[in-house]
Enquirer: 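The structure under discussion is supplied below as structure tokens; questions concerning it will follow.
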Amino acid sequence: MQLHRRVLGSAAGLGRTCNTLRAAPTRTYLQFKHNMSVTVATAVAVAEEAATPSFVAPVAVTSVDETQYGPQLQAKIRKLKDLFAEFNPPELEVFESPPSHYRMRAEFTIEQRDGNFRYVMFDNSPAPPPPPQPGTAAEDAADGGGAAAAAAASTSAPAAAASEAAAAAAPPARGGGGGGGGRPKGPRRVTVESFPVASRQLNELMEVVRRECAECPELRTRLFQANFHTTLAGDAMVTLLYHRKLGPEWAAAAERLRDALAATPTAAAAGRRPHVIGRSRKQKLELEAGFVLESLTVGGRQYVQKQVEGAFSQPNGTVCQHMLGWAMDVTRAQPQGPEEGQQPAQEAQEGQQPQKRPRLTAAGEAGDGAPEAEAEAEAANGGGGEAAEGGGPQDDLLELYCGNGNFTVPLAQNFRRVVATEVSKSSVEAARFNLEANGVSNVFLARMASEEFAETMRARGSRRRLEGLGPWEELRLRTILVDPPRAGLDDFTVQLLQEFDRIVYISCNPETLHANLRAIAATHRIARFAAFDQFPYTHHLECGVYLTRRAA
Ligand SMILES: C[S@@+](CC[C@H](N)C(=O)[O-])C[C@H]1O[C@@H](n2cnc3c(N)ncnc32)[C@H](O)[C@@H]1O
């Protein structure tokens, strides 16, 4: 049973894997080193979902029917609840997406044949072929895809299909070949006319790029891919990828394109000129900038967020705000008193007493139990007592996989200090920018793989990249937040998590989250459980789990 499939040469990164292969129309493979997404253009078949107990068997989206948004989300929720029932979680908090125009980013392969300029993506989902629709995708069939590919590649299909399709390691596009009315093997080529799952601005930009390329040979010659990145703030960038060297003529043409993009309704209303980036082998030309500035509202406060071209950013801006609000809420220090005494339902049922929480030292060791030491530790931890839910400004947060500081920036106010790590250089640079731009000064940020950081921390070791962190003994790390790629956490990191009193685990893959929780549940219980529908019309679901240490 698969939770996700790979799609070739298609929509924007959900950013959960590091290296992906993508196919250009020439069938040349290109390796992208950043976190492009590998999800698929699929929708949840409600009836089928009801009959199957896990995250499987999605069918290809052939249109975006907003009336189906609710039922499809409910089907996903049911599956999620079933999967996690063994952990006896509290009531699931569900955060919906807008039913359309929710995706901030998309990537398309460009096909240029017979003077036509087409946005194309490759859908690898195993959808059964719907009956052919006259006039929908005839040209795709003519490319050798056969009836199945032709039927599936309707102008509405790609809209939804493209929504979650992404670059992936997969065989070259075959454009069909199944024959006999069966589903062709390999990814299905889908022509994208419009893209209603993506932001309105993204659709506006697509139209202008199509038009300008049609009129300007300098822009379209050997162009094989176009990436669009928009924001809730109206800032945007377009990256055009070529199989040729780019010179000053291209820059002049791109400047004209930029003017045309600036005249689109959303950019004009926001007063932002979209950036244009040209890429070819060993070459990157930026017209003004290689990033966008997003504006996110969390808890009534606005945060600016630099999102760098090619680096991970959350794909659904609206749902991202929900995720940040939820993370703020679970890590906020709870008032002491009644909440302190409130036993978690599960523990109360089990007749357990709230545990005495060991203080996590920097080496990941519990306190030694000496009364004075424990009292001192409690005092150092803000005297938070045993059952405090949430960290608090007296505690420190360790955040692994921090990306551009998406969670780090708003969460920093809930903690005395934050130690954050991320492996991607461009994301770390963006995170530094974002911390400064938002006036956050209590974060120590290290560019390190989480595994390396965990090992160093356990050994109380030192690393050049940890210079400035200060002595491990002075940290008060009791809360950890992780937001790993789809593969989830390795065993070593899971063990590290278990040394913390409070765990916030953000996951885009319920199955790897579930597998990790099997280990974590021995020491921690789920205190809050949330679903964030980042990826409507697909079987993908982002989850948030907040865990606290079980009573001893
Ligand atoms: C799902 S993204 C989350 C990013 C960030 N929390 C956010 O909300 O935008 C996962 C991040 O983990 C980073 N990453 C992947 N493998 C890593 C590793 N081994 N160590 C540290 N960071 C890693 C990626 O570069 C990416 O930024």
Side-chain angles (χ1 to χ4, degrees), residues 4 12-20 32-39 104-105 166 229 231 291-292 294 296 298 303 305-317 319-328 331 397-412 418-435 443 445-457 463 465-466 480-494 496-497 504-510 512-513 516 530 532 534-535 540-544:
H4 60 95
L14 301 179
R16 304 300 188 185
T17 59
C18 286
N19 294 319
T20 60
F32 279 60
K33 291 207 173 93
H34 42 255
N35 306 327
M36 289 301 169
S37 165
V38 283
T39 50
M104 296 291 109
R105 302 196 286 143
H229 190 138
T231 59
F291 61 85
V292 289
E294 175 60 291
L296 297 170
V298 185
Y303 299 88
Q305 183 178 100
K306 181 176 183 176
Q307 298 178 350
V308 178
E309 195 245 351
F312 178 85
S313 61
Q314 298 288 351
N316 186 325
V319 173
C320 176
Q321 293 178 145
H322 290 315
M323 290 163 61
L324 297 177
W326 182 84
M328 284 286 289
T331 57
L397 169 72
L398 173 61
E399 182 186 0
L400 305 179
Y401 313 96
C402 75
N404 64 18
N406 183 43
F407 286 95
T408 328
V409 166
L411 257 57
V418 179
V419 179
T421 74
E422 160 64 44
V423 79
S424 154
K425 187 178 177 197
S426 56
S427 293
V428 168
E429 284 169 7
R432 291 198 195 287
F433 175 97
N434 291 330
L435 292 168
V443 174
L445 178 61
R447 183 182 166 215
M448 277 176 92
S450 62
E451 301 82 356
E452 185 190 3
F453 179 86
E455 275 178 34
T456 310
M457 180 177 160
R463 286 274 190 286
R465 289 186 173 167
L466 294 179
I480 186 166
L481 184 148
V482 291
D483 182 11
R486 295 195 64 78
L489 301 174
D490 59 279
D491 292 345
F492 187 83
T493 308
V494 166
L496 179 76
L497 256 61
V504 186
Y505 191 146
I506 308 291
S507 166
C508 60
N509 187 342
T512 52
L513 171 62
N516 288 156
F532 309 101
Q534 286 234 60
F535 319 114
H540 290 270
L541 199 54
E542 187 101 9
C543 299

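Predicted model only: the values in this text are computed from it and were never measured. Atoms within a ligand are numbered from 1 in the order they appear, just like the ligands themselves.
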Enquirer: Show which atoms of ligand 1 fall inside a sub-4.0 Å distance from at least one heavy-atom site of P485.
Expert: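 This gives 15 (C), 16 (N) as the contact atoms.
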Enquirer: Hey, does the side chain of R432 reach the backbone of L445 with a donor-acceptor pair shorter than 3.5 angstrom?
Expert: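 Yes; judged by distance alone, with no hydrogens or angles, the pair exists.
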Enquirer: Between N434 (side chain) and N404 (backbone), is there a donor-acceptor pair under 3.5 Å?
Expert: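 Such a contact is found between N434 side chain and N404 backbone.
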Enquirer: Answer yes or no: is there a donor N or O on one side and an acceptor on the other, between the side chain of E422 and the main chain of V428, under 3.5 Å?
Expert: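 Answer holds: no.
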Enquirer: Report, in ascending order of atom number, the atoms of ligand 1 lying under 4.0 Å from any heavy atom of M448.
Expert: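 In order of number, 21 (C).
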Enquirer: Can you list the atoms of ligand 1 that are under 4.0 Å from a heavy atom of C402?
Expert: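 Listed by number with element: 5 (C), 6 (N).
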Enquirer: Which of parallel (below 30°), tilted (30 to 60°) and perpendicular (above 60°) describes F291 and F433?
Expert: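 Tilted.
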Enquirer: Can you check whether S450 has an N/O within less than 3.5 Å of an N/O in ligand 1?
Expert: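 There is such a contact, yes.
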Enquirer: Judged by atom type as modelled, is there a donor-acceptor pair below 3.5 Å linking the side chain of R463 to the main-chain atoms of M448?
Expert: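 No; judged by distance alone, with no hydrogens or angles, the pair does not exist.
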Enquirer: I want to confirm something. Looking only at heavy atoms, which of R447, Q314, E451 is nearest to atom 7 (C) of ligand 1?
Expert: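 The residue whose heavy atom sits nearest atom 7 (C) of ligand 1 is Q314.
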Enquirer: Taking 4.0 angstrom as the limit and counting only heavy atoms of F312, give me the atoms of ligand 1 inside it, by number and element.
Expert: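 Going through ligand 1 atom by atom, the ones under 4.0 Å from F312 are 1 (C), 2 (S), 3 (C), 4 (C), 7 (C), 9 (O).
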Enquirer: Here's a test for you: under side chain to side chain contact (heavy atoms under 4.5 Å, CB included), which of M104, E294, R105 qualifies with Q307?
Expert: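 Single side chain to side chain contact (heavy atoms under 4.5 Å, CB included) partner of Q307 among M104, E294, R105: E294.
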Enquirer: Would you mind running through ligand 1 and noting each atom that sits below 4.0 Å from a heavy atom of A449?
Expert: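 Checking each atom against A449, I get 20 (N), 21 (C).
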Enquirer: Which atom pair, heavy atoms only, marks the closest approach of M328 to V298?
Expert: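 Of all heavy-atom pairs spanning M328 and V298, the closest is CG-CG1, 4.0 Å.
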Enquirer: Select one of side chain, backbone, both or neither to describe which atoms of N406 lie under 4.0 Å from any atom of ligand 1, heavy atoms only.
Expert: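 Under 4.0 Å from ligand 1, N406 contributes side-chain atoms alone.
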Enquirer: If you take the nearest heavy atom of each of E399, E422, K425, which one is closest to atom 13 (C) of ligand 1?
Expert: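 Considering heavy atoms of E399, E422, K425, the nearest to atom 13 (C) of ligand 1 sits in E422.
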Enquirer: With heavy-atom distances below 4.0 Å as the criterion, list the atoms of ligand 1 near F407.
Expert: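 Counting atoms of ligand 1 from 1, those under 4.0 Å from F407 are 6 (N), 8 (O).
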Enquirer: Can you list everything that forms a side chain to side chain donor-acceptor pair (under 3.5 Å) with S450? Sequence neighbours excluded, please.
Expert: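 Testing S450 for side chain to side chain donor-acceptor pair (under 3.5 Å), a comparison that skips the adjacent residues, returns Y401.
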Enquirer: Need the ligand 1 atom indices (1-based, order shown) with element for anything under 4.0 Å from a heavy-atom of S424.
Expert: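 Here the atoms of ligand 1 in question are 25 (O).
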Enquirer: Which atom names give the shortest non-hydrogen contact between L496 and A454, and what distance separates them?
Expert: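 That closest heavy-atom pairing would be CD2-CB, 3.8 Å.
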Enquirer: Just distances here: any N/O of Y401 and N/O of ligand 1 closer than 3.5 Å?
Expert: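 Yes: some nitrogen or oxygen of Y401 is under 3.5 Å from one in ligand 1.
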Enquirer: So, regarding D483 and ligand 1 (criterion: nitrogen or oxygen to nitrogen or oxygen, under 3.5 Å), is there a contact or not?
Expert: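 Among all N and O atoms of D483, at least one is under 3.5 Å from an N or O of ligand 1.
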